[in-house]
Number of protein chains: 2
Amino acid sequence: MLDYKESLKQHGLKNSKQRNLLIKLLSNADGIMTAEEIYLALKKQEEKINLSTVYRILEAFVEKGLVVKSTFPSSNTCVFTLKHLEHSHHLICLKCKKTVSLPHCPLKEFEHSIEKETNFNITDHNLELYGYCNNCK
Amino acid sequence: MLDYKESLKQHGLKNSKQRNLLIKLLSNADGIMTAEEIYLALKKQEEKINLSTVYRILEAFVEKGLVVKSTFPSSNTCVFTLKHLEHSHHLICLKCKKTVSLPHCPLKEFEHSIEKETNFNITDHNLELYGYCNNCK
DNA sequence: AATGCAAATGCAAATCGTTTGCATTTTTAA
DNA sequence: TTAAAAATGCAAACGATTTGCATTTGCATT
């Protein structure tokens with residue numbers, strides 16, 4: 001339902017076949033994917049794309065705030081998700097990788113009190129919840 | 001003040017010179033360190049140690065729950081901290097890497113309600129807060 | 001204290017994920 | 001339509017981490 005071209009333009013990103021494919025894939029996938037998974041998924045669709053292009057596109061998307069990059073625990077592979085309009089976090093199944101977005105961020109008020117206590121200026125946080133989904137548990 | 005040998009034994013880990021050095025370093029460092037930082041710090045102390053040994057020791061410590069492994073955002077290097085007795089999280093300065101432990105985990109009650117809503121079985125979570133400390137901001 | 005076995009270590013090479021340089025192609029704006 | 005700028009493909013480089021194997025160490029037993 002989204003116009004991917006529009007979405008790219010809005011984020012100050014040049015339009016290209018590969019970028020459209022990638023953003024479309026991510027929004028259909030509705031979950032987290034590694035660069036390689038993205039690459040393979042697009043290959044499977046008989047699309048011409050290169051792994052380094054995937055990385056470069058993801059990097060651009062992250063920089064423009066279109067995509068969030070994080071890391072699966074006990075792994076050194078990065079995973080990527082489309083960023084929701086509102087700041088949110090994910091609950092991720094350790095077995096099948098199914099993900100659910102949390103309805104709200106539980107840290108908002110918490111951060112304020114921590115800032116006061118510690119005298120830090122908090123700019124960011126990383127939160128992912130892990131477990132097993134209904135089917136896998 | 002801790003007996004590192006005892007601590008290793010308690011965790012079912014064989015005692016060795018390198019393991020003692022590493023656990024001692026981590027507990028004095030009182031913060032997060034990369035494998036390489038640990039390696040270099042021990043080298044500096046004129047200790048004989050190898051980078052792959054550092055990795056192997058850290059892996060063993062993580063497996064036994066003595067150490068927590070996580071990832072600095074926008075980097076693909078793992079960082080390690082001694083695990084506190086109580087479950088806790090860190091506030092990390094993006095500039096100087098100074099860390100502060102949060103007094104309690106803000107997710108405890110939250111997880112229960114999420115489990116009910118989503119039908120997931122939550123087993124773990126990853127939370128780190130980032131910002132700038134008093135000196136660096 | 002000496003012995004033997006399993007586990008830990010050092011070293012070098014392999015591996016994995018990610019990034020980069022450069023030639024070619026595509027996009028965009030004039 | 002064309003020129004300039006940016007994006008892509010490809011191969012090679014890179015950095016972090018892991019692995020295979022020979023050697024050393026820790027530890028239980030004599």
Side-chain angles (χ1 to χ4, degrees), chain A residues 3-25 32-43 45-64 66-80, chain B residues 3-25 32-43 45-64 66-80:
Chain A
D3 184 335
Y4 302 114
K5 273 184 195 166
E6 230 5 82
S7 182
L8 288 173
K9 197 177 284 180
Q10 278 179 13
H11 284 85
L13 287 162
K14 216 171 179 176
N15 186 36
S16 84
K17 192 179 157 215
Q18 289 84 347
R19 290 180 174 184
N20 278 295
L21 286 170
L22 206 155
I23 197 174
K24 189 173 174 183
L25 177 70
I32 62 173
M33 299 185 83
T34 65
E36 182 143 34
E37 285 168 346
I38 291 167
Y39 169 68
L40 293 174
L42 293 177
K43 277 294 215 193
Q45 301 174 201
E46 315 265 316
E47 300 292 355
K48 189 184 180 199
I49 192 149
N50 188 276
L51 183 54
S52 60
T53 303
V54 171
Y55 275 107
R56 278 193 273 231
I57 291 176
L58 287 169
E59 185 188 9
F61 284 6
V62 168
E63 196 188 342
K64 297 295 182 179
L66 199 66
V67 158
V68 181
K69 176 180 180 178
S70 52
T71 314
F72 228 57
S74 61
S75 132
N76 38 307
T77 310
C78 297
V79 292
F80 301 86
Chain B
D3 184 334
Y4 301 114
K5 272 183 193 167
E6 232 2 84
S7 181
L8 288 174
K9 199 176 280 178
Q10 279 179 12
H11 284 85
L13 287 163
K14 214 171 180 176
N15 186 34
S16 85
K17 192 179 157 218
Q18 289 82 347
R19 288 181 175 183
N20 278 293
L21 287 170
L22 204 156
I23 196 174
K24 189 173 174 184
L25 176 70
I32 62 174
M33 298 185 81
T34 65
E36 182 143 35
E37 286 168 347
I38 291 168
Y39 169 68
L40 292 175
L42 293 177
K43 277 294 215 193
Q45 302 172 201
E46 315 265 316
E47 300 292 354
K48 189 185 179 199
I49 190 147
N50 188 278
L51 183 55
S52 59
T53 304
V54 171
Y55 275 107
R56 278 191 274 229
I57 291 178
L58 286 170
E59 185 187 10
F61 284 5
V62 169
E63 196 188 344
K64 296 295 181 178
L66 200 65
V67 158
V68 182
K69 176 180 181 179
S70 51
T71 314
F72 227 58
S74 62
S75 131
N76 39 307
T77 311
C78 296
V79 292
F80 302 86

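- A side chain to side chain contact (heavy atoms under 4.5 Å, CB included) with Lys69(A) holds for exactly one of Ile32(A), Val62(A), Val79(A); it is Val62(A).
- Within the 4.0 Å cut-off from OP1 or OP2 of dT17(D), not a single side-chain nitrogen or oxygen of Asn76(A) is found.
- Atoms CD and CG, from Glu47(A) and Leu21(A) in turn, are 4.5 Å apart once rounded to the nearest 0.5 Å.
- Where Asn50(A) and Glu36(B) meet DNA chain D, the nucleotide closest to each residue was compared, and Asn50(A) sits on the side nearer the 5' end.
- For the pair Gln18(B) and dT25(D), the criterion of a side-chain N or O lying under 4.0 Å from OP1 or OP2 is not met.
- Residue Tyr55(B) places its side chain closer to dA16(D) than to any other of dA7(D), dT19(C), dA16(D).
- Tyr39(A) has its OH atom 16 Å from the C1' atom of dT19(C), to the nearest Å.
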query: Does the pair Leu22(A) and Leu58(A) meet the rule for a side-chain contact (heavy atoms from CB on, under 4.5 Å), with working shown?
result: CA-CA 9 Å; Leu22(A) 206 155; Leu58(A) 287 169; 3.9 Å; yes
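- For dT18(D), the OP1/OP2 oxygens have no side-chain nitrogen or oxygen of Arg56(B) closer than 4.0 Å.
- Atom CD of Glu47(B) is separated from atom P of dT25(D) by 14 Å (rounded to the nearest Å).
- Atom CG in Asn20(A) sits roughly 12 Å away from atom C1' in dT27(C) (whole-Å rounding).
- Between Leu66(A) atom CG and His11(A) atom NE2 the span is 4.5 Å, to the nearest 0.5 Å.
- Projected onto DNA chain C by closest heavy-atom contact, Val54(B) and Leu51(A) fall at different nucleotides, the more 5' of which corresponds to Val54(B).
- Comparing dG9(D), dT18(C), dT9(C) against the side chain of Thr77(A) picks out dT18(C) as the nearest.
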task: Apply side-chain contact (heavy atoms from CB on, under 4.5 Å) to Arg19(A) and Ile23(A), showing your working.
output: CA-CA 6 Å; Arg19(A) 290 180 174 184; Ile23(A) 197 174; over 6 Å; no
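- dT18(C) atom P lies 11 Å from atom CD of Glu37(A), rounded to whole Å.
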- prompt: Which dot-bracket string describes DNA chain D (Watson-Crick N1-N3 plus N6-O4 or O6-N4, or G-U N1-O2 and O6-N3, all under 3.5 Å; [ ] crossing; | other strand)?
  reply: ||||||||||||||||||||||||||||||
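- In this structure, the CD atom of Glu63(B) is 13 Å from the P atom of dA7(C), given to the nearest Å.
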task: Would you sort out whether Leu25(B) and Gln45(B) count as a side-chain contact (heavy atoms from CB on, under 4.5 Å), showing the intermediate values?
output: CA-CA 10 Å; Leu25(B) 176 70; Gln45(B) 302 172 201; 3.9 Å; yes
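- Summarising the geometry, the separation between CD1 on Ile57(B) and C1' on dT18(D) is reported as 15 Å, rounded to the nearest angstrom.
- Interatomic distance, Lys9(A) NZ to Lys14(A) NZ, rounded to the nearest 0.5 Å: 13.0 Å.
- Considering only residues two or more places apart in sequence or on other chains, Glu59(A) meets the salt bridge (Lys or Arg N to Asp or Glu O under 4.0 Å) condition with none of them.
- Rounded to a whole Å, the CG atom of Leu8(A) is 14 Å from the C1' atom of dT28(C).
- Contacts between residues 9-16 of chain A and DNA chain C, defined by a heavy-atom separation below 4.0 Å, involve Lys14(A), Asn15(A), listed by number.
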task: Decide side-chain contact (heavy atoms from CB on, under 4.5 Å) for Phe61(A) and Leu8(A); before the verdict, give the C-alpha distance in whole Å, the side-chain angles of both, and the deciding distance to 0.1 Å.
output: CA-CA 9 Å; Phe61(A) 284 6; Leu8(A) 288 173; 3.6 Å; yes
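- For the pair Lys17(B) and Ile49(A), nearest-nucleotide mapping onto DNA chain D gives the more 5' position to Ile49(A).
- Both Ser52(B) and Glu59(A) sit near DNA chain C, but only Ser52(B) has its closest nucleotide nearer the 5' end.
- Atom-to-atom, CZ of Arg19(A) to C1' of dA7(D) comes out at 6 Å; the value is rounded to the nearest Å.
- Nearest approach of Ala35(B) to Leu51(B), heavy atoms of both residues: O-CD1, 4.0 Å.
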